[in-house]
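A quick write-up on the structure given underneath.
Note on naming: letters A, B, ... go to the chains in the order of the sequence lines (proteins, then strands), and numbering restarts at 1 for each one. Please read all numbers here as calculations on a predicted model, not as lab measurements. Note that these values count all heavy atoms, side chains included, but never hydrogens, waters or copies made by symmetry.
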2 protein chains.
Amino acid sequence: MAKPLTKEQLEQTMQQFVTACKQAGLKVTHQRTEIYRHLLLEPDHPSAEILHKRLLPSLPSISLDTVYRTLTTLEQHGLVSRIQTAESQARFEAVYAPHHHLICSRCKRVVDFQWPAIDRLDLPADVSNWGQIDSKTIVVYGTCMHCAGH
Amino acid sequence: MAKPLTKEQLEQTMQQFVTACKQAGLKVTHQRTEIYRHLLLEPDHPSAEILHKRLLPSLPSISLDTVYRTLTTLEQHGLVSRIQTAESQARFEAVYAPHHHLICSRCKRVVDFQWPAIDRLDLPADVSNWGQIDSKTIVVYGTCMHCAGH
DNA sequence: TTGACTGCAAACGATTTGCAATTGC
DNA sequence: GCAATTGCAAATCGTTTGCAGTCAA
């Protein structure tokens, strides 16, 4: 279900990120690459605050508002997505292959899963009257094994 | 896609609400019934603030914090649900039949739709290793007809 | 060099809280 | 009458913003 990137995949994705930034007219700053790299390294949908804490050891001077600003900028350029939870803090992830979310109601941890069968399935007919569809994501709520006890 | 309640359905649902409150040991206050009634009357997933504005004509003294507190209380008792959007303000709805959400990226309006085919479908096998599933909801992002232009 | 980006501090908006008065049971 | 609930005001939390200095191109 989870998918840690290999060293090569990480390098390659970082290269693509740099290219995408340049194409978008965004400057490739140390802060931006580090933020993106950490999103890839620990793809557990961290909040801006958590991400900031993770960045401090390698970038002691980075400020929380830069993290916020960068995530917002990258989101606007489709490189990062802000995910929908019922919590107060927003959570972020690097954009990649279509996937869905399992959210534990207790620990609030978000885990990705794939469900190709759904991705292929067409929405009900009457939805097409509503408008133009961009994405569909399944959000599953429950209690994870860890929280359930054993 | 949308489903306004008939007068009888509204009455009946309100009765069930009162019963559920009593069963949960919650006092049936005027504020609580009005909040719940308005969620049923205009099932457009209002934010606490919008709901508060709607309540003011009939309950001029109701405060915004009571609306927040009540929604949180009712949510804890499973009578209301807080829905997941990528916005800063939370949105709420009365709990009822399983349904899914269409969210317009421009106007942020949330519309319900049914998709029984999905409700029946089992999740991928490996998800069962994750834990106990409570609910699954599809969140569809796109641009509604109204915003798209014609 | 120069405009985009950053860090700082202060502002902001959404939501929560402590407390005294009020109300349902 | 008593505990739960409310309204008020103030506090809190997450996030955004103005500004002056800094850095990638």
Side-chain angles (χ1 to χ4, degrees), chain A residues 14-15 17-38 45-56 58-77 79-92 108, chain B residues 14 17-36 38 45-56 58-77 79-92 108:
Chain A
M14 285 307 301
Q15 292 295 341
F17 172 73
V18 170
T19 310
C21 280
K22 286 181 177 163
Q23 229 157 27
L26 296 175
K27 289 191 176 165
V28 182
T29 64
H30 192 31
Q31 289 89 333
R32 281 183 181 160
T33 51
E34 283 303 280
I35 286 172
Y36 194 79
R37 203 164 62 83
H38 272 80
H45 321 82
S47 63
E49 203 183 342
I50 290 174
L51 193 52
H52 180 236
K53 283 196 186 122
R54 289 183 187 163
L55 288 158
L56 278 179
S58 55
L59 263 169
S61 71
I62 196 170
S63 67
L64 180 56
D65 28 275
T66 294
V67 177
Y68 274 112
R69 235 179 314 219
T70 303
L71 289 171
T72 305
T73 305
L74 296 183
E75 187 197 9
Q76 284 162 352
H77 290 273
L79 294 167
V80 154
S81 76
R82 183 182 301 257
I83 64 174
Q84 329 109 33
T85 79
E87 284 180 280
S88 53
Q89 283 191 319
R91 287 155 159 275
F92 300 87
K108 314 293 182 194
Chain B
M14 285 307 300
F17 173 72
V18 170
T19 309
C21 280
K22 286 182 177 164
Q23 229 157 25
L26 296 175
K27 289 189 176 168
V28 182
T29 65
H30 192 30
Q31 289 89 332
R32 280 182 181 159
T33 52
E34 283 303 281
I35 286 171
Y36 193 78
H38 273 80
H45 321 83
S47 64
E49 203 183 343
I50 291 173
L51 193 53
H52 180 237
K53 283 196 186 122
R54 289 184 186 161
L55 287 159
L56 278 178
S58 54
L59 263 168
S61 70
I62 196 171
S63 67
L64 179 56
D65 27 279
T66 294
V67 176
Y68 273 111
R69 235 181 312 220
T70 302
L71 289 171
T72 305
T73 305
L74 297 183
E75 186 196 10
Q76 283 162 354
H77 290 273
L79 295 166
V80 154
S81 74
R82 184 183 300 257
I83 62 174
Q84 329 110 34
T85 79
E87 284 180 281
S88 54
Q89 282 190 317
R91 286 153 160 278
F92 299 87
K108 315 293 181 190

Using atom NE2 of B/H30 as one end and atom C1' of D/dA4 as the other, report the distance to the nearest whole Å. 18 Å
Just the rounded figure in Å: distance from C1' of D/dT15 to CD of A/E87. 15 Å
How close or far is atom C1' of D/dT16 from atom CD of A/E75, stated in whole angstroms? 14 Å
Which heavy atom of B/R82 sits nearest a heavy atom of A/A86, and at what distance? CD-O, 3.5 Å
Donor-acceptor pair under 3.5 Å: do we get one between A/R69's side chain and the base of C/dG7? yes
Using whole Å, what does the distance between atom P of nucleotide C/dT16 and atom CG of B/L64 come to? 10 Å
Is any side-chain nitrogen or oxygen of A/T66 closer than 4.0 Å to OP1 or OP2 of C/dG7? yes
What pair of heavy atoms forms the shortest contact from A/V67 to A/A48, and how long is it? CG1-O, 3.7 Å
Set out, in order, the CA-CA distance, both residues' side-chain angles and the distance that settles side-chain contact (heavy atoms from CB on, under 4.5 Å) for A/T85 and A/H45, then state yes or no. CA-CA 11 Å; A/T85 79; A/H45 321 82; over 6 Å; no
Smallest separation among heavy atoms of A/S63 and A/H52, with atom names: C-NE2, 3.6 Å
Smallest heavy-atom separation, A/I35 atom then A/T66 atom, equals CD1-O, 4.3 Å
Respond yes when some side-chain nitrogen or oxygen of B/Q31 is under 4.0 Å from OP1 or OP2 of C/dG24, and no when none is. no
Rounded off to whole Å, could you give me the CZ-to-C1' distance for the B/R91 and C/dA14 pair? 14 Å
Of residues 17-29 of chain B, the positions that come close to DNA chain C - non-hydrogen atoms, cut-off under 4.0 Å: B/K27, B/V28
Starting at CD1 of B/I35 and ending at C1' of D/dG7, how long is that distance when rounded to a whole Å? 13 Å
Could you check how far CG of A/D65 sits from P of D/dC19, rounded to whole Å? 16 Å
Starting at atom OH of A/Y68, determine the distance to atom C1' of D/dT15, rounded to an integer number of angstrom. 5 Å
If you look at every strand shown and take non-hydrogen atoms under 4.0 Å, does B/S61 touch a base, only sugar-phosphate, or nothing? sugar-phosphate
Any idea which of C/dA14, D/dG14, D/dC8 is nearest the B/S63 side chain? D/dC8
A/S47 near the nucleic acid: base, sugar-phosphate alone, or nothing, with a heavy-atom cut-off under 4.0 Å? nothing
Just verifying a value: how many Å separate B/L26 CG and B/L74 CG, rounded to the nearest 0.5 Å? 7.0 Å
On a heavy-atom basis, the closest approach of B/M14 and B/Y36 is SD-CD2, 3.8 Å
Here's a test of your reading of the structure: between A/T73 and B/R82, which maps to the more 5' nucleotide of DNA chain C? A/T73
